Structure formats: C-alpha cells, structure tokens
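Note that the structure is a prediction, hence the values are computed from the model and not measured.
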Amino acid sequence: MGRYFGTDGFRGEANVTLTADHAFRVGRFLGWYFAEVKRRSDIEERPRIVIGKDTRRSSYMFEYSLVAGLTASGADAYLLHVTTTPSVAYITRVDGFDCGIMISASHNPFYDNGIKIISRSGEKSDDTLTEMIEDYLDGKLEAFGERINELPFAQRENIGKTVDYISGRNRYIGYLISLGIYSFRGMRVGLDCSNGSAWSIAKAVFDALGAKTFVIHAEPDGLNINENCGSTHIESLRDFVVSNGLDVGFAFDGDADRCLCVDEKGNILSGDHILFICGKYLKEKGQLTNNTVVTTVMSNLGLYKAFDKLGIDYAKTSVGDRFVYEYMQKNSNRLGGEESGHIIFSKYATTGDGILTSLKLMEVMLSSKKPMSALASELEIFPQMLVNVRVKDKTSARTDEDVFKAVAAAEKRLGENGRILVRESGTEPVIRVMAEAETIGLCRDCVDSVVKVLKVKGYSL
C-alpha cells in the first residue's frame, strides 16, 4: 500500500487526512501528466478526464478542487455528477477519456471520502501512476526521465474547460437496461440504495425492465450515506422484503460497486452466495471460461466445498476487486468477486458493479424459474468470526513472531475443517483477524487467541 493511495484509492476523513488541497494537487498532476503524454506523442488536443461523485457532502468540495486543478493544468473536465463507480469506469472506457476519477469512500461513513483513479481502459489505475502522484504530493516528482520541481500552469487558450456530461450517466443506464434478457414483469423487487450513488439509477433500470420496484434509503442529504442502510447494514432491507412480501431484495453500498441480496424468506445472501449461484448458472450454460471462479482469501470455506461438489475450479487472490480483476484478465476468467459483494462479470464490466450484479441474479432466477432461496440452498456457509483490531503499525503487528505462533496454534486446532486468516486492511489502520470453523465457539476461541497477543504486545490502539 502506498503513502496516500491504498487498495481502493486515496481515502481518508474529509479535510483531515484527505483535504481539498490534496484534490487540487491530484487534479494539477493528472492534467499536466496527460497533457505531457500527448505533447510528447505529437497529439494536438487537450486531455479529457471524466469525474463522478457519490452523495457525501464533501464530494462537491473535492469535485470542484479536482476541476480547478485539472483545468489549471490544461485538461478538460467532464462531469457525470452523482453517479456510480462502475458508471465512471464504463464511460471512461467507451468514450475514450484519458482517465476517470470517482469521488467516493464506498461503504465508509459520510465524513470520509476518497479519490479513485480509473485508467482509460476502465480499470483501476496502476501503481506507477499513483506512485508518481504520491511523489508529486511529497515534492519529489521524477517523470519522463527528469526531476520536476514545479508543474506549469496552462495559459490563455490552453486553459481547460468544464463540460456537463450527464448524458454519459444516462447512456450507462441504457447499457444496464440492454443487459436484461428477460422481462421482470410480475416480480416484486426491493432496492436499498444506501442513500448513495444508486439512488438515481437503480430504480430506473428495474422499472424499465418491468419490475414492481420498491425502494428504500434513496433520500440522500449528504450526511446519511451508508447510515444504517445499504450492503453494510442489510437488516432493514431484510425486514422490508419480508413485511412487504417481495420476491427478492438487493442492497448496494455508497458508490454501488457492490451488491448483497435478501431472498424472499429474509435470508441474507453474501458475495459468496452470489458467486455460487452465478458460477453454477454459467457452468450449466457452458459459459464459465476455464471452469473457474476467481475469489479472494476472504471467501468462506463452504463456498469451496460447494464448488468441489459441482466440479468447479477456483482461484484465490488478495483482498480487493482490483486483484480479482487483474487475475481474471490474465487468465481470461469470466466471473470473480469478493464475499463483501464486489462481483465482476468481465464480459460486461471492468470493475465490480452492484446494479449489474443484481440484474444477473434476476437472470438466474427467471431462467431457472426458482426462488432465490432455492438457488442458494445448496451452499452451506461455515460459521465465521471477524474481528478488526485498530493498530499503530499494521505491518509490524502482522509480522510479529508471537502473532505467527498464535496463528500456527489456531491452524493446528482447526485442522482441515477450518482456517484462520490475519491480514492488513488496505484502507484503514486495522488488522483483520478472521476464523472459520464448524462451530462459532471454535471460531471465537481462535480469533480471541490472536487478538489477545496483539493487545498484550501493545499493537492495538
């Protein structure tokens, strides 16, 4: 993880660890960098960079700061306004932008925010570019084989402009609608938009496909994004689905790049359930390339046992949909994702897309003519316990010899029917300790044994 950019962009508390000045300078760098790339390639046009944001109050501040930096460096900024992360990735790719920027802290509370850089191919930006941004922020930029002390300001006709580009968001909505191969007529569907990016998009898609759509948490006020709602607080959607007799419910996070599901009985289905349901469906259709589903190390042991029964192979990557997508691209895989609900259908998208995921689940339901509860019934999830420990130094805590010993002892105790995982968060000063076993009691004992060592050794805050 970099000095500023983690696994999901430059994220922090607004105007504390991520400030308007940071955003201005990120814009300054990106505008200058892509202008310089074009100049050195004898391309006589200004860079074009597209920007989207979620519903946090601070998103406007960061949007304007980025625009100021971009245009001051000679780039044109195209504004999608409030939209989803996958829509920015889609528009960046299909409309030939030099890069895209999404302003969001995903599932974090409203007072956090983030800046995600998206490459012209619609993928999360590579480390080379973000490292150069970090060097510029730290005053030690080297680029194109030379030391850069100051970035020049564009002047006169070379100053960039701002373009309202809401039409791009609307075309993304049209793209999603085009992916619905069955009519949703007669289906009663609940959507929890998390008071975030999905609030102005998800209902339009489901209505267009014929569903009777019931929406909750679609009244953003800048302060209520993810507040007791969405994919991280799915309980309210569960109650809503059951009390209203709905066929299914889908919950998105703040920037709608993840999706979780509630079946008609009120059971909560995780990203692992979604990978199982869609993986089985694709295999039956002969569309599961390499007969493989790509997961992360956080996927449940029960998912792998279910795949073994179906004869489906699987791969495991580090946590982060970026790593999942990189593996999928390298190995031509079609389906991958995370237990948290970041699901990637590489035929249709370059990043996790919550609304797209909900559409593909609807496709499986309608194709099979089975309720969601029946589709998920073959997957037995092992009890799991996850404890987040805030620490002073993630790397030192994770690599401590006594922590290793505690983990080894837990692994021996769990044997083949369980596992323990200790990893650093990519976005927070946190060590995550997770155990899976045949009983929740055994999970708790193993997690507690590692957490105790972290506390005794003085790593916890």
- prompt: Taking only residues at least two apart or on different chains, which pairs with a member in residues 145-158 satisfy salt bridge (Lys or Arg N to Asp or Glu O under 4.0 Å)?
  reply: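 Only Arg40-Glu146 qualify under salt bridge (Lys or Arg N to Asp or Glu O under 4.0 Å).
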
message: Could you measure the distance from the OG atom of Ser58 to the CZ atom of Phe110? Nearest 0.5 Å is fine.
response: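 So the gap between those two atoms works out to 9.0 Å.
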
Using side-chain hydrogen bond (donor to acceptor under 3.5 Å, both in side chains) as the criterion, list what pairs up with [X], not counting sequence neighbours.
X      : value
Tyr314 : Asp308
Ser373 : Glu264
Asp138 : Arg3, Tyr4
Arg432 : Asn388, Ser425, Glu428

Sequence neighbours excluded - side-chain hydrogen bond (donor to acceptor under 3.5 Å, both in side chains) pairs with any residue from residues 172-190: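 Matches after skipping sequence neighbours: Tyr172-Asp353.
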
Pairing donors with acceptors under 3.5 angstrom, does anything connect the side chains of [X] and [Y]?
X      : Y      : result
Asp257 : His342 : yes
Asp253 : Ser194 : no
Asn333 : Ser346 : no
Asn228 : His217 : no
Ser299 : Asp272 : yes
Glu227 : Asn195 : no

field: Salt-bridge contact Asp321-Arg258 (side-chain N to carboxylate O under 4.0 Å)
entry: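 Looking at Asp321 and Arg258, the cut-off is not met.
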
- prompt: With the threshold set at 4.0 Å, does a side-chain nitrogen-carboxylate oxygen contact exist between Lys212 and Asp247?
  reply: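 No.
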
message: Among residues at least two apart in sequence or on other chains, which ones pass side chain to side chain contact (heavy atoms under 4.5 Å, CB included) with Asp221?
response: Leu223, Asn224

- request: Could you give me the CA-CA distance, side-chain angles and deciding distance for Tyr33 and Phe144, then say whether ring pair (Phe, Tyr, Trp, His ring centres under 6.0 Å) is met?
  value: CA-CA 10 Å; Tyr33 175 78; Phe144 306 106; 5.7 Å; yes

message: Check for me whether Arg28 meets the cation-pi criterion with Phe153, that is, NZ or CZ under 6.0 Å from the six-membered ring centre and within 45 degrees of the ring axis.
response: yes

task: Decide whether a cation-pi geometry holds between Lys316 and Tyr304; the criteria are a distance under 6.0 Å from NZ or CZ to the six-membered ring centre and an angle within 45° of the ring axis.
output: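 Flagged: Lys316 positioned over aromatic ring of Tyr304.
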
What residues, two or more places apart in sequence or in another chain, satisfy salt bridge (charged side-chain N to carboxylate O under 4.0 Å, His left out) together with [X]?
X      : answer
Lys203 : Asp207
Arg39  : Glu36
Arg120 : Asp98
Arg398 : Glu424

Under the ring-ring contact (aromatic ring centres under 6.0 Å, His included) test, residues paired with Phe97 that sit two or more places apart: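 Here the qualifying residues are Tyr78, Tyr165.
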
- request: Return yes if some donor-acceptor pair links the side-chain N/O of Arg25 with the main-chain N/O of Tyr136 below 3.5 Å, else return no.
  value: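 It does hold such a pair.
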
